[in-house]
Asks: 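Quick one: this structure, given as C-alpha coordinates, is what I'll be asking you about.
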Amino acid sequence: MNERSFILDSIMHNKHDLILRAAEKIIAAGGIQGLSMQQVANEAGVAAGTIYRYFKDKNELILELRRDVLAQVASAILADHDKGTLEQRFKRIWMKMHDYGKQRSPANLSYEQYAHLPESNTDEIRQLEMGLFAPLQQLFEEGIKQGLIQPLNPRFLYAIAMEPSMALARSIRRGLIEYDEKDITLACDICWRAILIPNTPTN
(Lines give C-alpha, C1' and ligand atoms only; values in the text may rest on other atoms or scores of the structure.)
Protein backbone atom coordinates (compact mmCIF):
# COMPACT_ATOMS: atom_id res chain seq x y z
CA MET A 1 0.00 0.00 0.00
CA ASN A 2 1.45 3.38 -0.99
CA GLU A 3 1.32 6.49 1.19
CA ARG A 4 -1.62 8.04 -0.66
CA SER A 5 -3.70 4.87 -0.32
CA PHE A 6 -2.85 4.68 3.38
CA ILE A 7 -3.99 8.27 3.93
CA LEU A 8 -7.23 7.69 2.01
CA ASP A 9 -7.94 4.53 3.99
CA SER A 10 -7.33 6.41 7.25
CA ILE A 11 -9.73 9.18 6.23
CA MET A 12 -12.38 6.65 5.23
CA HIS A 13 -11.98 4.78 8.52
CA ASN A 14 -12.17 7.99 10.55
CA LYS A 15 -15.38 9.10 8.83
CA HIS A 16 -16.88 5.63 9.27
CA ASP A 17 -16.10 5.78 12.99
CA LEU A 18 -17.36 9.36 13.30
CA ILE A 19 -20.70 8.29 11.82
CA LEU A 20 -21.00 5.32 14.18
CA ARG A 21 -20.17 7.41 17.25
CA ALA A 22 -22.65 10.08 16.16
CA ALA A 23 -25.44 7.52 15.75
CA GLU A 24 -24.55 5.99 19.10
CA LYS A 25 -24.76 9.38 20.83
CA ILE A 26 -28.11 10.27 19.24
CA ILE A 27 -29.69 6.92 20.14
CA ALA A 28 -28.35 7.13 23.70
CA ALA A 29 -29.84 10.60 24.18
CA GLY A 30 -33.18 10.32 22.41
CA GLY A 31 -33.93 6.71 21.52
CA ILE A 32 -33.86 4.91 18.22
CA GLN A 33 -37.25 5.99 16.88
CA GLY A 34 -36.15 9.56 16.20
CA LEU A 35 -32.87 8.63 14.55
CA SER A 36 -32.46 10.02 11.05
CA MET A 37 -29.56 10.02 8.66
CA GLN A 38 -29.66 13.83 8.60
CA GLN A 39 -29.31 13.93 12.39
CA VAL A 40 -26.34 11.59 12.18
CA ALA A 41 -24.76 13.73 9.47
CA ASN A 42 -25.18 16.88 11.57
CA GLU A 43 -23.75 15.23 14.68
CA ALA A 44 -20.82 13.71 12.77
CA GLY A 45 -20.10 16.95 10.92
CA VAL A 46 -20.33 15.38 7.48
CA ALA A 47 -22.61 15.85 4.49
CA ALA A 48 -25.73 13.67 4.50
CA GLY A 49 -24.64 12.13 1.21
CA THR A 50 -21.38 11.01 2.81
CA ILE A 51 -23.22 8.61 5.11
CA TYR A 52 -24.65 6.75 2.13
CA ARG A 53 -21.14 5.96 0.94
CA TYR A 54 -20.83 3.75 4.02
CA PHE A 55 -24.40 2.66 4.81
CA LYS A 56 -27.26 2.15 2.39
CA ASP A 57 -29.92 2.95 5.02
CA LYS A 58 -30.61 3.35 8.73
CA ASN A 59 -30.98 -0.39 9.34
CA GLU A 60 -27.54 -1.08 7.93
CA LEU A 61 -26.09 1.69 10.11
CA ILE A 62 -27.69 0.18 13.23
CA LEU A 63 -26.46 -3.28 12.29
CA GLU A 64 -22.91 -1.99 11.89
CA LEU A 65 -23.21 -0.17 15.20
CA ARG A 66 -24.15 -3.42 16.89
CA ARG A 67 -21.15 -5.18 15.34
CA ASP A 68 -18.92 -2.37 16.54
CA VAL A 69 -20.23 -2.43 20.12
CA LEU A 70 -19.95 -6.21 20.33
CA ALA A 71 -16.31 -5.93 19.31
CA GLN A 72 -15.75 -3.21 21.95
CA VAL A 73 -17.31 -5.36 24.68
CA ALA A 74 -15.35 -8.47 23.71
CA SER A 75 -12.10 -6.52 23.65
CA ALA A 76 -12.80 -4.97 27.06
CA ILE A 77 -13.77 -8.12 28.95
CA LEU A 78 -11.64 -10.82 27.30
CA ALA A 79 -8.23 -9.16 27.10
CA ASP A 80 -6.61 -11.54 29.63
CA HIS A 81 -9.15 -14.35 29.53
CA ASP A 82 -6.53 -17.14 29.62
CA LYS A 83 -4.73 -16.19 32.85
CA GLY A 84 -5.27 -18.21 36.02
CA THR A 85 -7.55 -21.06 37.03
CA LEU A 86 -11.01 -21.58 35.58
CA GLU A 87 -12.57 -19.90 38.58
CA GLN A 88 -10.21 -16.92 38.41
CA ARG A 89 -10.82 -16.55 34.69
CA PHE A 90 -14.60 -16.79 35.06
CA LYS A 91 -14.73 -14.25 37.88
CA ARG A 92 -12.41 -11.83 36.09
CA ILE A 93 -14.63 -11.90 32.99
CA TRP A 94 -17.78 -11.61 35.13
CA MET A 95 -16.46 -8.57 36.98
CA LYS A 96 -15.21 -6.90 33.81
CA MET A 97 -18.58 -7.46 32.19
CA HIS A 98 -20.27 -5.94 35.22
CA ASP A 99 -17.92 -2.94 35.33
CA TYR A 100 -18.42 -2.33 31.62
CA GLY A 101 -22.20 -2.66 31.84
CA LYS A 102 -22.71 -0.20 34.69
CA GLN A 103 -21.04 2.67 32.82
CA ARG A 104 -23.41 5.32 31.51
CA SER A 105 -21.59 5.40 28.18
CA PRO A 106 -23.27 6.12 24.82
CA ALA A 107 -22.39 2.56 23.79
CA ASN A 108 -24.32 1.04 26.70
CA LEU A 109 -27.23 3.45 26.55
CA SER A 110 -27.70 3.06 22.80
CA TYR A 111 -27.19 -0.72 22.77
CA GLU A 112 -30.32 -1.29 24.84
CA GLN A 113 -32.33 0.55 22.19
CA TYR A 114 -31.44 -1.66 19.24
CA ALA A 115 -30.12 -4.96 20.64
CA HIS A 116 -33.51 -6.67 20.38
CA LEU A 117 -34.60 -5.36 17.01
CA PRO A 118 -35.20 -8.20 14.49
CA GLU A 119 -32.91 -6.59 11.92
CA SER A 120 -30.01 -6.58 14.39
CA ASN A 121 -30.45 -10.23 15.40
CA THR A 122 -29.40 -11.99 12.23
CA ASP A 123 -27.48 -15.20 11.67
CA GLU A 124 -24.49 -13.04 10.82
CA ILE A 125 -24.65 -11.29 14.20
CA ARG A 126 -24.99 -14.60 16.03
CA GLN A 127 -21.95 -15.93 14.20
CA LEU A 128 -20.05 -12.75 15.03
CA GLU A 129 -20.96 -13.12 18.71
CA MET A 130 -19.77 -16.72 18.71
CA GLY A 131 -16.46 -15.70 17.20
CA LEU A 132 -15.84 -12.67 19.42
CA PHE A 133 -16.82 -14.48 22.62
CA ALA A 134 -15.27 -17.84 21.72
CA PRO A 135 -12.86 -17.66 24.72
CA LEU A 136 -15.83 -17.66 27.08
CA GLN A 137 -17.35 -20.67 25.34
CA GLN A 138 -13.95 -22.37 25.53
CA LEU A 139 -13.82 -21.69 29.28
CA PHE A 140 -17.18 -23.41 29.75
CA GLU A 141 -16.17 -26.34 27.54
CA GLU A 142 -12.90 -26.71 29.43
CA GLY A 143 -14.78 -26.79 32.73
CA ILE A 144 -17.17 -29.43 31.40
CA LYS A 145 -14.26 -31.63 30.24
CA GLN A 146 -12.64 -31.31 33.67
CA GLY A 147 -15.87 -32.40 35.35
CA LEU A 148 -16.22 -29.07 37.18
CA ILE A 149 -19.03 -27.37 35.27
CA GLN A 150 -22.49 -28.73 34.53
CA PRO A 151 -22.67 -30.35 31.05
CA LEU A 152 -25.02 -27.78 29.54
CA ASN A 153 -24.89 -25.92 26.24
CA PRO A 154 -22.53 -22.94 26.67
CA ARG A 155 -25.41 -20.58 25.84
CA PHE A 156 -27.34 -22.03 28.80
CA LEU A 157 -24.30 -21.58 31.00
CA TYR A 158 -23.91 -18.00 29.82
CA ALA A 159 -27.57 -17.24 30.58
CA ILE A 160 -27.32 -18.73 34.07
CA ALA A 161 -23.93 -17.40 35.10
CA MET A 162 -23.08 -14.32 33.02
CA GLU A 163 -26.34 -12.54 32.24
CA PRO A 164 -26.91 -11.68 35.94
CA SER A 165 -23.71 -9.62 35.73
CA MET A 166 -25.22 -7.37 33.05
CA ALA A 167 -28.68 -7.33 34.68
CA LEU A 168 -27.17 -6.08 37.94
CA ALA A 169 -25.08 -3.55 36.04
CA ARG A 170 -28.18 -2.15 34.30
CA SER A 171 -30.03 -1.84 37.61
CA ILE A 172 -27.09 -0.04 39.17
CA ARG A 173 -26.71 2.23 36.13
CA ARG A 174 -30.38 3.17 36.36
CA GLY A 175 -30.16 3.85 40.11
CA LEU A 176 -32.59 1.04 40.96
CA ILE A 177 -30.38 -0.65 43.54
CA GLU A 178 -27.57 0.37 45.86
CA TYR A 179 -24.62 -1.88 46.51
CA ASP A 180 -21.13 -2.11 47.85
CA GLU A 181 -18.23 -4.10 46.44
CA LYS A 182 -18.86 -7.01 48.81
CA ASP A 183 -22.36 -7.44 47.36
CA ILE A 184 -21.01 -7.67 43.81
CA THR A 185 -18.21 -10.05 44.83
CA LEU A 186 -20.79 -12.30 46.51
CA ALA A 187 -23.10 -12.16 43.47
CA CYS A 188 -20.19 -13.16 41.22
CA ASP A 189 -19.37 -16.11 43.50
CA ILE A 190 -23.02 -17.22 43.51
CA CYS A 191 -23.08 -17.18 39.69
CA TRP A 192 -19.90 -19.25 39.54
CA ARG A 193 -21.27 -21.83 41.99
CA ALA A 194 -24.57 -21.99 40.09
CA ILE A 195 -22.92 -23.78 37.16
CA LEU A 196 -20.64 -26.07 39.14
CA ILE A 197 -21.36 -29.76 39.58
CA PRO A 198 -22.39 -30.24 43.26
CA ASN A 199 -19.57 -30.80 45.74
CA THR A 200 -16.99 -29.40 43.35
CA PRO A 201 -14.17 -27.75 45.32
CA THR A 202 -13.51 -24.09 44.48
CA ASN A 203 -10.42 -21.95 44.86
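As the structure is a prediction and not an experimental result, all values here were calculated from the model. Computed over heavy atoms, backbone and side chain alike; hydrogens, waters and symmetry mates excluded.
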Asks: Are Tyr52 and Ile26 connected in a single hydrophobic cluster, I mean Ile/Leu/Val/Met/Phe/Trp/Tyr linked by side-chain heavy atoms less than 4.5 Å apart?
Replies: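 Same cluster.
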Asks: Run Leu61 and Met37 through side-chain contact (heavy atoms from CB on, under 4.5 Å) and show every step you take.
Replies: CA-CA 9 Å; Leu61 172 58; Met37 297 301 243; 4.0 Å; yes
Asks: Check whether any side-chain heavy atom of Phe90 sits under 4.5 Å from a side-chain heavy atom of Met162, and report yes or no.
Replies: yes
Asks: Less than 4.5 Å apart, any side-chain heavy atom of His81 and any of Leu136?
Replies: no
Asks: Please confirm whether the backbone N or O of Lys83 pairs with a side-chain atom of Arg92, one donor and one acceptor, at under 3.5 Å?
Replies: yes
Asks: Closer than 3.5 angstrom, by distance alone: can the side chain of Arg89 be matched with the main-chain N or O of Leu139 as a donor-acceptor pair?
Replies: no
Asks: Indicate the atoms forming the closest heavy-atom contact of Leu86 with Gln146, along with that distance.
Replies: CD1-OE1, 3.5 Å
Asks: Can Asp99 and Lys96 be counted as an ion pair, charged N to O under 4.0 angstrom?
Replies: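 The answer is no: the pair does not qualify as a salt bridge.
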Asks: Kindly indicate whether the side chain of Ile177, heavy atoms from C-beta on, has any atom under 4.5 Å from the side chain of Asp183.
Replies: no
Asks: According to a hydrophobic-cluster definition based on side-chain heavy atoms being under 4.5 Å apart (Ile, Leu, Val, Met, Phe, Trp, Tyr only), do Met130 and Ile144 belong together?
Replies: no
Asks: Just how far is it from atom CD of Glu178 to atom CG of Leu176, taken to the nearest 0.5 Å?
Replies: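 Interatomic distance, Glu178 CD to Leu176 CG, rounded to 0.5 Å: 11.0 Å.
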Asks: Any side-chain heavy-atom pair from Leu70 and Phe133 closer than 4.5 angstrom?
Replies: yes
Asks: State plainly whether one hydrophobic cluster holds both Ile184 and Ile190, where clusters connect Ile, Leu, Val, Met, Phe, Trp and Tyr through side-chain heavy atoms under 4.5 angstrom apart.
Replies: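 No; Ile190 is not reachable from Ile184 via cluster members.
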Asks: Please round to the nearest 0.5 Å and tell me the distance separating atom CG of Leu128 and atom CG of Asp123.
Replies: 12.5 Å
Asks: For the pair Arg126 and Glu129, find out whether any cationic side-chain nitrogen is under 4.0 Å from an anionic carboxylate oxygen.
Replies: no
Asks: So do Lys102 and Ser165 actually touch side chain to side chain, heavy atoms under 4.5 Å?
Replies: no
Asks: Using modelled atom types only, decide if a donor and an acceptor are shared between the side chain of Ser171 and the backbone of Ala167 within a distance under 3.5 Å.
Replies: yes
Asks: Indicate, with yes or no, if Leu196 and Leu152 share a hydrophobic cluster defined by side-chain heavy-atom contacts under 4.5 Å among Ile, Leu, Val, Met, Phe, Trp and Tyr.
Replies: yes
Asks: Looking at every heavy atom in both Ala22 and Val40, which two are closest together, and how far apart are they?
Replies: CB-O, 3.8 Å
Asks: Could you go through the side-chain contact (heavy atoms from CB on, under 4.5 Å) check for Glu87 and Asp189 one step at a time?
Replies: CA-CA 9 Å; Glu87 180 177 354; Asp189 188 60; 4.2 Å; yes
Asks: Look at the aromatic rings of His98 and Tyr179 and report parallel, tilted or perpendicular, splitting at 30° and 60°.
Replies: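 Because their plane-to-plane angle is over 60°, the rings of His98 and Tyr179 count as perpendicular.
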Asks: Between Glu43 and Gln39, do the side chains contain a donor N or O and an acceptor N or O under 3.5 Å apart?
Replies: no
Asks: Do the charged groups of Lys145 and Glu142 touch, with an N to O distance under 4.0 Å?
Replies: no
Asks: What closest approach, in Å, do Gly101 and Ala169 show between heavy atoms, and which atom pair accounts for it?
Replies: C-CB, 3.5 Å
Asks: Check whether any side-chain heavy atom of Leu157 lies under 4.5 Å from a side-chain heavy atom of Glu141, and answer yes or no.
Replies: no
Asks: Might you point out which heavy atoms bring Ala161 and Cys191 nearest each other, and give the distance in Å?
Replies: O-CB, 3.3 Å
Asks: Rounded at 0.5 Å granularity, tell me how far CD in Glu24 sits from CG in Asp17.
Replies: 9.0 Å
Asks: Can any side-chain N or O of Trp94 pair as donor or acceptor with the backbone N or O of Ala187 at less than 3.5 Å?
Replies: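 No.
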Asks: Are side-chain N/O atoms of Gln38 and Asn42 paired as donor and acceptor at under 3.5 Å?
Replies: yes
Asks: Taking the side chain as everything from C-beta on, heavy atoms only, tell me whether Glu60 gets closer than 4.5 Å to Asp57.
Replies: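 Sidechains of Asp57 and Glu60: in contact.
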Asks: What I want to find out is whether Glu163 reaches Arg155 closely enough, with some N-O distance under 4.0 Å, to be called a salt bridge.
Replies: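 No, Glu163 and Arg155 are not salt-bridged.
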Asks: Evaluate Gln72 against Asp68 for side chain to side chain donor-acceptor pair (under 3.5 Å), listing each step before the verdict.
Replies: CA-CA 6 Å; Gln72 287 183 50; Asp68 182 77; 2.8 Å; yes
Asks: With side chains defined as the heavy atoms from C-beta onward, is the minimum distance between Leu20 and His16 less than 4.5 Å?
Replies: yes
Asks: For the OG1 atom of Thr50 and the CG atom of Leu18, what is their distance to the nearest 0.5 Å?
Replies: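 Thr50 atom OG1 to Leu18 atom CG measures 11.0 Å (nearest 0.5 Å).
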Asks: Let me confirm one number: the CD1-CD1 distance from Ile160 to Ile195, rounded to the nearest 0.5 Å.
Replies: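 Between atom CD1 of Ile160 and atom CD1 of Ile195 there are 8.0 Å.
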Asks: Can you tell me how far CD1 of Ile62 sits from CZ of Phe55, rounded to the nearest 0.5 angstrom?
Replies: 11.0 Å
